[in-house]
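Below is one structure, written out as structure tokens, with a few remarks after it.
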Amino acid sequence: MIELKGIHKVYQKKNTEVQALKGVDLSIDKGDIFGVIGYSGAGKSTLVRLVNYLERPSQGQVIVDGAYLGNQSPHALRQIKKQIGMIFQHFNLLESKTIFKNVAMPLILAKKSKQEIRSRVLELLQFVGLEDKASNYPSELSGGQKQRVGIARALASNPKILLCDEATSALDPQTTQSILSLLQRVNKKYGITIMIITHEMSVIQKICNKVAVMEEGRVIEEGSVLDVFGHP
Ligand code: ADP
Ligand code: ADP
């Protein structure tokens with residue numbers, strides 16, 4: 001579902017070059033819950049931004065759902081990017097909009113009909129357990145509830161892939177557990193491939209089936225979670 005081949009990424013910073021990725025190969029299968037773990041600065045966020053094409057690789061190929069991202073037309077790229085949902089550490093909700101509007105946003109942008117938007121948003125809010133919060137604003141919700149909204153929004157356009165960038169790092173352990181259970185349901189119910197970026201081993205051990213360990217721009221270990229880390 002996601003293939004990275006020989007990826008190098010160099011950032012130009014004033015007069016210096018930062019080598020964020022130094023030859024990364026990674027293959028994530030359909031249906032995987034794939035974890036990428038490493039310390040801050042290892043290159044994890046860069047990897048995610050390459051997969052949803054917010055950044056281009058300096059060298060190498062990014063292939064998503066069989067399509068090589070490097071030679072797509074802008075229109076085709078937008079279609080591919082619709083297959084990718086994303087959730088964030090700080091949720092990135094629109095504070096001045098209701099929960100309904102936040103979840104509806106991708107559908108509004110895609111110019112779906114009012115009726116379709118309404119039924120899809122209510123279905124998603126029900127799925128994440130927030131059907132009674134449709135008229136509330138983000139500031140009225142707890143962190144865990146905000147991340148549920150983030151998940152509902154990410155699912156709105158029926159993605160095949162969900163990217164999670166430190167999605168539980170701002171949450172307490174109990175809330176983290178409930179969000180991880182929800183991600184497991186997302187994976188099972190919709191068959192969505194999930195890529196999780198984290199610095200927390202416990203997150204990987206709780207829900208991932210495969211893991212890549214990153215250090216200084218390289219994958220230093222990769223395999224099933226049991227092979228790499230043993231039993232929790
Ligand atoms: P992680 O997500 O594992 O913390 P990042 O991918 O954010 O790692 O960063 C990897 C390296 O690339 C770090 O040295 C970081 O400072 C550098 N880096 C990331 N983004 C940029 C950028 N936009 N410009 C310059 N350097 C960057
Ligand atoms: P723009 O170029 O329109 O500013 P960005 O890519 O910077 O778009 O994203 C704007 C906001 O959209 C981000 O802050 C984030 O909340 C959300 N976003 C970005 N990428 C995704 C994605 N793949 N799936 C869902 N939401 C996303």
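Atoms considered below: every heavy atom in the structure, side chains included; atoms not considered: hydrogens, waters and symmetry mates. We count ligands from 1, going down the list as the structure has it; atoms in each ligand are counted the same way. Numbers here simply count residues along the sequence, with the first being 1.
Proximity of Glu216 to ligand 1, defined as any heavy-atom pair under 4.0 Å, is not found for any part of the residue. For Val18, every heavy-atom contact with ligand 1 shorter than 4.0 Å involves the side chain, none the backbone.
Test His90, Lys44, His199 against Glu166 for side-chain hydrogen bond (donor to acceptor under 3.5 Å, both in side chains) and you get one pass: His199.
Side-chain N or O atoms of Asn102 include one that pairs as donor or acceptor with a backbone N or O of Leu94 at under 3.5 Å. Of the possible polar contacts, none joining the Asp65 side chain to the Met1 backbone as a donor-acceptor pair under 3.5 Å is found. Thr198 places no side-chain N or O within 3.5 Å of a backbone atom of Val203 that could act as its donor or acceptor partner. No donor-acceptor distance shorter than 3.5 angstrom exists from the side chain of Lys82 to the backbone of Asn158, with no hydrogens or angles considered. Counting only distance, with no hydrogens or angles, the side chain of Gln72 and the backbone of Leu69 share no donor-acceptor pair below 3.5 Å. Side chain of Thr98 to backbone of Asn136: no donor-acceptor contact under 3.5 angstrom is found. Of the possible polar contacts, none joining the Gln89 side chain to the Cys164 backbone as a donor-acceptor pair under 3.5 Å is found.
Close approach of ligand 1 to Ala42 (heavy-atom distance below 4.0 Å) involves ligand atoms 1 (P), 3 (O), 8 (O). Near Tyr39, meaning under 4.0 Å from any of its heavy atoms, are these atoms of ligand 1: 3 (O). For ligand 1, the atoms sitting less than 4.0 Å from at least one non-hydrogen atom of Arg49 are 20 (N), numbered in the order shown with element in parentheses.
At a cut-off of 3.5 Å, with distance as the only test, no side-chain donor of His8 or Gln19 sits close to an acceptor on the other residue.
Atom 8 (O) of ligand 1 has its closest protein heavy atom at Gly43 N, 3.0 Å. When hydrogens are left out, the protein atom nearest atom 6 (O) of ligand 1 is Thr46 OG1, 2.5 Å; that is the closest non-hydrogen contact. When hydrogens are left out, the protein atom nearest atom 22 (C) of ligand 1 is Tyr11 CD2, 3.5 Å; that is the closest non-hydrogen contact. Nearest protein neighbour of atom 12 (O) of ligand 1, counting heavy atoms only, is Ala20 CB, 3.4 Å.
Nearest to atom 10 (C) of ligand 1 by heavy-atom distance, out of Ser45, Gly41, Gly217, is Gly41.
Residue-to-ligand polar distances place Lys44 within reach of ligand 1: an N/O pair is separated by less than 3.5 Å.
For atom 15 (C) of ligand 1, no protein non-hydrogen atom is found at a distance below 4.0 Å. Shown here, atom 26 (N) of ligand 1 is in close reach of the protein: a heavy atom of it lies under 4.0 Å off.
Distances from ligand 1 to the non-hydrogen atoms of Gln19 include no value under 4.0 Å.
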